[in-house]
S.K.: 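There's a structure below that I have some questions on.
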Protein chains: 2
Amino acid sequence: MTRPRPERSAASQLAASGRRLTTPRKAVLEALGRADGPLTIEEIWEAVPDVGRATVFRTVKLLLELGLICRVVLENGSVRYVPATPDHHHHFICSGCGAVEEFQHPPIDEAIRTLAESAGFELSGHAVELYGRCRHCRAATPD
Amino acid sequence: MTRPRPERSAASQLAASGRRLTTPRKAVLEALGRADGPLTIEEIWEAVPDVGRATVFRTVKLLLELGLICRVVLENGSVRYVPATPDHHHHFICSGCGAVEEFQHPPIDEAIRTLAESAGFELSGHAVELYGRCRHCRAATPD
DNA sequence: CACAGTACTGAGACCTGGTATCATTTCGCC
DNA sequence: GGCGAAATGATACCAGGTCTCAGTACTGTG
């Protein structure tokens with residue numbers, strides 16, 4: 001098996017700060033991996049019986065800090081979570097099916113950097129979220 | 001007086017949908033205008049005595065819908081509000097002083113449009129927020 | 001293996017931001 | 001002035017999230 005296993009990096013990332021990859025943590029990570037869309041905390045909790053609500057919150061917070069999962073803010077302000085690719089990326093959120101696609105697009109980052117520089121800002125981070133309808137939903141119900 | 005008064009447009013915008021520019025609404029709008037940074041709901045409420053909490057929430061929601069104010073999501077997820085310019089714009093949020101600057105930068109929008117098109121997305125909207133330190137704060141405490 | 005120390009957990013109380021309800025008030029218009 | 005719609009304030013309520021705490025699981029050291 002040469003395929004990288006997510007647990008592997010999760011475990012080592014946690015270990016690096018004296019944390020452990022426990023059963024509940026593994027379960028939350030797997031639940032997010034199984035899902036075919038972003039989940040709310042509530043949905044994660046339902047997908048993970050035998051794990052307390054507080055633990056789900058704690059775990060999600062921890063995984064966020066470690067960059068193992070990613071918070072997605074929908075257009076209406078509600079938040080959901082998806083497993084993250086470690087690289088810098090942005091999200092496209094489909095209002096039809098709720099799917100979230102990650103994308104990278106250097107021109108956007110480049111434009112942002114240029115702007116910040118010319119305005120004298122020192123960037124520490126940025127968030128870009130796109131809202132609309134994906135190929136699938138457009139094909140299903142074209143205007 | 002040729003200078004456009006915000007109340008003017010607010011009143012007409014409201015009237016367009018059968019709404020009224022009442023005392024509490026004017027007060028909320030003015031409180032946001034007086035502030036030199038984005039306010040939380042709580043701060044708005046404190047700045048506006050004699051207005052009920054529920055009314056503040058209702059008013060903010062309404063003003064948002066009308067585009068008269070703008071929601072700003074901070075890096076930690078908390079939300080604040082600033083009076084909006086009616087044009088499409090993005091935000092730069094300073095982690096030092098909390099100031100929010102609006103900016104327009106066509107290259108960013110252009111890059112986003114290009115990306116969406118090539119991926120087959122139908123865009124309905126997008127959010128871009130930049131986080132970092134502004135000129136002032138950099139000057140005050142340079143690294 | 002025993003033991004000590006730390007990380008972690010579940011249950012539930014709690015806190016906080018926001019909404020729903022409803023009787024009352026305000027405003028625009030006739 | 002009087003009518004009806006819009007708006008309001010008080011308050012009860014709900015949901016998302018945190019805190020506390022007693023107990024459990026794991027790690028490593030002798």
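Every chain is numbered from 1, with letters handed out A, B, ... down the list of sequences.
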S.K.: Side chain of B:Ala54: nearest nucleotide among D:dG17, C:dA20, C:dC27?
M.R.: C:dA20

S.K.: Rounded to the nearest angstrom, tell me the gap between atom CH2 in B:Trp45 and atom C1' in C:dG18.
M.R.: 13 Å

S.K.: Under 4.0 angstrom, heavy atoms only, what part of the nucleic acid is A:Arg25 near: base, sugar-phosphate, or nothing?
M.R.: sugar-phosphate

S.K.: What is the distance, to the nearest angstrom, from the CG atom on B:Leu21 to the P atom on D:dA7?
M.R.: 10 Å

S.K.: Once you round it to whole Å, what is the distance between P of C:dT26 and NZ of B:Lys26?
M.R.: 15 Å

S.K.: When the distance from CZ of B:Phe57 to P of D:dA12 is rounded to whole Å, what number comes out?
M.R.: 17 Å

S.K.: Side chain of A:Arg53, base of C:dG12: donor and acceptor closer than 3.5 Å?
M.R.: no

S.K.: Just N and O in the side chain of A:Thr55: are any of them under 4.0 Å from OP1 or OP2 of C:dG10?
M.R.: yes

S.K.: Take atom CD1 of B:Ile41 and atom C1' of C:dT19, then tell me their distance rounded to the nearest Å.
M.R.: 12 Å

S.K.: Is it the case that over 12 heavy atoms from other parts of the model lie below 6.0 angstrom from the CD atom of A:Glu42?
M.R.: yes

S.K.: Rounded to the nearest 0.5 Å, what separation is found between the NZ atom of B:Lys61 and the CZ atom of B:Arg71?
M.R.: 10.0 Å

S.K.: From CD of A:Glu46 over to C1' of D:dA15, roughly how many Å is that when rounded to an integer?
M.R.: 14 Å

S.K.: On DNA chain D, compare the nucleotides closest to B:Asp50 and B:Gly18; which residue's is nearer the 5' end?
M.R.: B:Gly18

S.K.: Which residue lies toward the 5' end of DNA chain C, B:Thr22 or B:Lys61, if each is placed at its nearest nucleotide?
M.R.: B:Lys61

S.K.: Mapping B:Leu14 and A:Val79 to their closest nucleotides on DNA chain D, which lands nearer the 5' end?
M.R.: B:Leu14

S.K.: Would you please classify the geometry between the B:Phe92 ring and the A:Phe121 ring as parallel, tilted or perpendicular, with 30° and 60° separating the classes?
M.R.: parallel

S.K.: Check the distance between D:dG16's P and A:Tyr81's OH and give it to me in whole angstrom.
M.R.: 11 Å

S.K.: In this structure, how many angstroms lie between the P atom of C:dG18 and the CG atom of B:Leu62, rounded?
M.R.: 16 Å

S.K.: Would B:Ile93 end up clustered with B:Phe103 when hydrophobic side chains under 4.5 Å apart are linked, directly or stepwise?
M.R.: no

S.K.: Would you kindly check whether a donor in the side chain of B:Arg19 faces an acceptor in the base of D:dA6, or vice versa, at under 3.5 angstrom?
M.R.: no

S.K.: From D:dA7, C:dG18, D:dT27, pick the nucleotide closest to the side chain of A:Arg20?
M.R.: D:dT27

S.K.: Spell out yes or no: do the side chain of B:Arg58 and the base of D:dG9 have one donor N/O and one acceptor N/O closer than 3.5 Å?
M.R.: yes

S.K.: B:Pro24 side chain: which of D:dT8, D:dA10, C:dG10 is closest?
M.R.: D:dT8

S.K.: Surrounding NE2 of B:His89 (heavy atoms of other residues, nucleotides or ligands, distance under 6.0 Å), is the total greater than 12?
M.R.: yes

